[in-house]
Amino acid sequence: MANYYSDHPEIAYHLSHPLMQRIVELKERNFADKDKFDYAPVDLGDAIENYKQILDLTGDIAANIIAPNSESVDLEGPHLENGRMIYASKTVENMEAMRQAGLSGVSMPRRYGGLNLPSTVFSMLSELVSAADASFQNIWSLQSCIETLYEFGSEEQRQKYIPRVCQGETMSMDLTEPDAGSDLQRVMLKATFDEKENCWRLNGVKRFITNGDSDIHLVLARSEEGTKDGRGLSMFIYDKRQGGVDVRHIEHKLGIHGSPTCELTYKNAKAELCGSTRLGLIKYVMALMNCARLGIGAQSTGLSQEAYNEALAYAKERAQFGQKIQEFPAVYDMLSRMKAKLDAGRTLLYQTSRYVDVYKALEDIQRERQLTLEEKQELKKFSRLADAFTPLCKGMTSEYANQNAFDCVSVHGGSGFIMEYKCQRLMRDARIFNIYEGTSQLQVVAAIRYITNGTYLTIIKEMLAQEVSPELQSLKARVEKMVTLYEESVNLVKEAGNQEMHDFLARRLYDMTGEIVMSLLLLEDATRAPELFQKSANVYVRMAEENVIGKAAYVKNFTQDALDNFRATEKSAEE
């Protein structure tokens with residue numbers, strides 16, 4: 001029987017990373033829960049084995065329930081009835097399977113009914129679900145919104161809402177509006193305090209809300225009258241049981257049909273303030289978005305895996321000119337690059353997840369006691385690493401998901417354009433990944449300061465200092481040359497002193513950063529597990545080298561005249 005976890009040992013490999021020991025130590029706090037909960041681990045080995053069992057269970061559900069349901073979900077989709085969103089029938093079946101398996105609120109502490117899983121394991125679970133159906137992953141993985149409530153809400157709110165999510169209730173984050181997409185400072189949904197009822201009331205419209213008719217919403221709203229920027233925004237908790245919010249419209253989308261994208265009308269809806277006023281955007285939404293971006297990295301990786309699986313299976317069966325098409329260089333070039341991008345994106349995803357785990361666990365400990373000096377330094381280090389890696393992870397994995405889905409269709413040829421084949425759905429589903437939760441362009445904006453201030457270069461040089469196996473020394477030498485070109489390119493952009501040129505070339509510097517970081521991560525993986533990653537390391541480093549050399553040449557030869565030519569092209573097009 002198929003299993004989306006055990007069928008891909010590359011996933012389990014990442015549980016053996018040396019940093020996992022520290023993550024388990026921090027999450028389990030000397031395994032104190034073992035005396036209170038019979039399912040809590042008693043030591044490191046027990047914790048890792050527990051993670052594997054949960055992953056195996058999820059892999060089984062993904063392969064044998066969610067994946068078989070995916071076509072029906074894509075065709076039926078959610079629909080609107082009397083102001084309420086109704087899931088596709090097979091989506092309900094998927095939700096019930098996950099609920100019965102206890103796979104809700106999995107990252108929450110056990111005292112609230114959760115499984116206390118690290119972000120790394122949650123990312124793995126999300127990858128498995130996405131490989132089966134990316135649209136269902138959207139619904140299921142939004143349980144991660146509860147982490148923001150756990151982090152910033154009161155203890156009363158934690159006890160009120162977290163157990164409900166752990167029992168299977170759904171969540172959403174209601175951020176965007178018709179006039180506030182990427183620019184969330186323009187949010188105008190109004191929050192006013194009701195003195196009589198001692199609660200907040202929300203009025204206005206939200207648009208493009210994923211899973212918008214969920215049970216529990218985190219809502220960004222303007223609480224400070226007369227303000228027009230992010231300092232007037234606060235975060236609120238809306239409970240569907242209270243009423244006051246209707247679904248006005250469900251979007252008809254290109255892909256992820258099973259995931260309802262709703263337009264909501266708030267009419268004097270009762271809500272609770274989460275945390276403090278004025279911090280909604282500048283603090284709470286940033287935490288929420290970083291968590292969501294990690295989720296899109298997992299979603300992208302899962303779909304990349306499925307696209308590769310579909311392409312490889314078809315290439316092995318399809319014969320032309322007397323041989324299987326996987327034997328043609330043009331096809332096996334595509335397949336090898338798909339696998340290399342998959343492995344590269346996955347290693348970036350789990351490295352980022354591990355960084356998030358360490359700093360989040362230390363922050364949680366800090367709520368209970370003062371950290372030691374060493375712990376404070378560790379928190380600062382891993383928080384910075386997580387902040388730097390998250391935009392790389394979201395941007396690069398979502399771009400690779402699109403590329404792999406596109407190539408999957410190409411491997412299928414004319415059949416790939418036929419609706420009966422899964423690859424067309426994968427391509428439709430993937431297209432949103434590099435748009436929502438911050439476009440790829442916004443990931444560049446988030447990452448560029450770490451490029452120009454030398455943070456990434458420092459990280460890269462630290463990674464270069466690590467030993468690799470003798471078989472990989474020649475590849476490492478290639479990466480070293482890439483790093484030299486990268487450093488030269490960054491310095492050229494900085495020295496130009498031209499902000500417009502800086503912004504124009506930022507995407508190329510970003511791509512170079514991601515390709516070099518993933519090359520080094522793959523070399524580390526191939527050193528530790530050559531049977532799994534040596535081929536991908538060879539393919540990926542050569543592919544990265546091709547790209548980095550080209551981008552470095554572009555940067556080196558870029559001038560003000562070149563920039564003016566781009567402007568001239570835009571003007572002539574407008575005229």
Side-chain donor-acceptor pair under 3.5 Å between Tyr350 and Asp525, yes or no? no
*Check for a donor-acceptor pair, side chain of His17 on one end and backbone N or O of Leu19 on the other, with a separation under 3.5 Å.*
yes
To the nearest 0.5 Å, atom CD of Gln403 lies from atom OG of Ser300 at 11.0 Å
Do the side chains of Asp333 and Arg337 get close enough for a salt bridge, i.e. N-O under 4.0 angstrom? yes
Q. Is it true that Glu169 and Lys240 have a side-chain N and a carboxylate O under 4.0 angstrom from each other?
A. no
Does either side chain, that of Tyr39 or that of Asn50, offer a donor lying less than 3.5 Å from an acceptor on the other one?
no
- Task: Measure from the side-chain N and O atoms of Thr176 to the backbone N and O of Arg207, and report whether any donor-acceptor pair falls under 3.5 Å.
- Result: yes
Between the CD atom in Glu127 and the CG atom in Leu349, the distance rounded to the nearest 0.5 Å is 7.0 Å
Hey, are Glu96 and Arg99 close enough for a salt bridge, meaning a charged N less than 4.0 Å from a carboxylate O? yes
Verify, without hydrogens or angle tests, whether Asn211 (side chain) and Ser172 (backbone) share a donor-acceptor contact under 3.5 angstrom. no
Hits for ring pair (Phe, Tyr, Trp, His ring centres under 6.0 Å) against Tyr13, two or more places apart or cross-chain, chain-then-number order -> Phe533
Q. Do Arg528 and Ser16 have side-chain heavy atoms sitting under 4.5 Å apart?
A. yes
Does a salt bridge link Arg29 with Asp364, judged by any charged N lying under 4.0 Å from a carboxylate O? yes
Residues at least two apart in sequence or cross-chain that pass ring pair (Phe, Tyr, Trp, His ring centres under 6.0 Å) with Tyr421, listed by chain then number, are His412
Residues passing the side-chain hydrogen bond (donor to acceptor under 3.5 Å, both in side chains) test with Gln424, sequence neighbours excluded, are Arg428
dist Leu348:CG -> Leu392:CG (nearest 0.5 Å) comes out at 6.0 Å
Sorted by chain and residue number, the ring pair (Phe, Tyr, Trp, His ring centres under 6.0 Å) partners of Phe389 (sequence neighbours excluded) come out as Tyr355
### Message
Hydrogens and angles aside, do Gln351 and Arg354 bring a side-chain donor and acceptor to less than 3.5 Å of each other?
### Response
yes
Q: Salt-bridge test for Glu71 and Lys422: reply yes if a basic N is under 4.0 Å from a carboxylate O, no otherwise.
A: no
Open item on the list: Does the plane of the ring in His252 sit parallel, tilted or perpendicular to the ring in His249? Use 30° and 60° as the thresholds.
Closed with: perpendicular
query: Side chains of Ser70 and Arg425: is there a donor and an acceptor less than 3.5 Å apart?
result: yes
So CD1 of Ile11 and CG of Leu55: to nearest 0.5 Å the spacing works out to 7.5 Å
Do Pro9 and Leu532 have side chains that approach each other closer than 4.5 Å (heavy atoms only, starting at C-beta)? yes
Q) Just wondering, do Met20 and Tyr51 contact through their side chains at under 4.5 Å, heavy atoms? A) yes
Pairing of Glu147 and Lys360 as salt bridge, 4.0 angstrom limit: no
For Glu93, the salt bridge (charged side-chain N to carboxylate O under 4.0 Å, His left out) test, sequence neighbours excluded, returns Lys90
- Query: For Ser410, does its backbone N or O pair with a side-chain atom of Asp407 as donor and acceptor, under 3.5 Å?
  - Reply: no
Q) Do you see a donor-acceptor pair shorter than 3.5 Å between the side chains of Ser440 and Glu399? A) yes
| Can you find a pair of side-chain heavy atoms, one from Gln326 and one from Tyr332, that are under 4.5 Å apart? | no
Review point. So, Asp174 and Lys206, do they make that salt bridge, N to O below 4.0 Å?
Key: no
Lys52 with Asp56: basic N within carboxylate O range, under 4.0 Å: no
Sequence neighbours excluded, the answer for salt bridge (charged side-chain N to carboxylate O under 4.0 Å, His left out) partners of Asp215 is none
Answer yes if the side chains of Ser353 and Ser123 hold a donor-acceptor pair under 3.5 Å, and no otherwise. yes
task = Please test Gln305 against Asn309 for side chain to side chain donor-acceptor pair (under 3.5 Å), starting from the C-alpha separation and ending with a verdict.
result = CA-CA 6 Å; Gln305 177 72 70; Asn309 291 348; 2.9 Å; yes
*Does CD belonging to Glu317 count more than 12 external heavy atoms closer than 6.0 Å?*
no
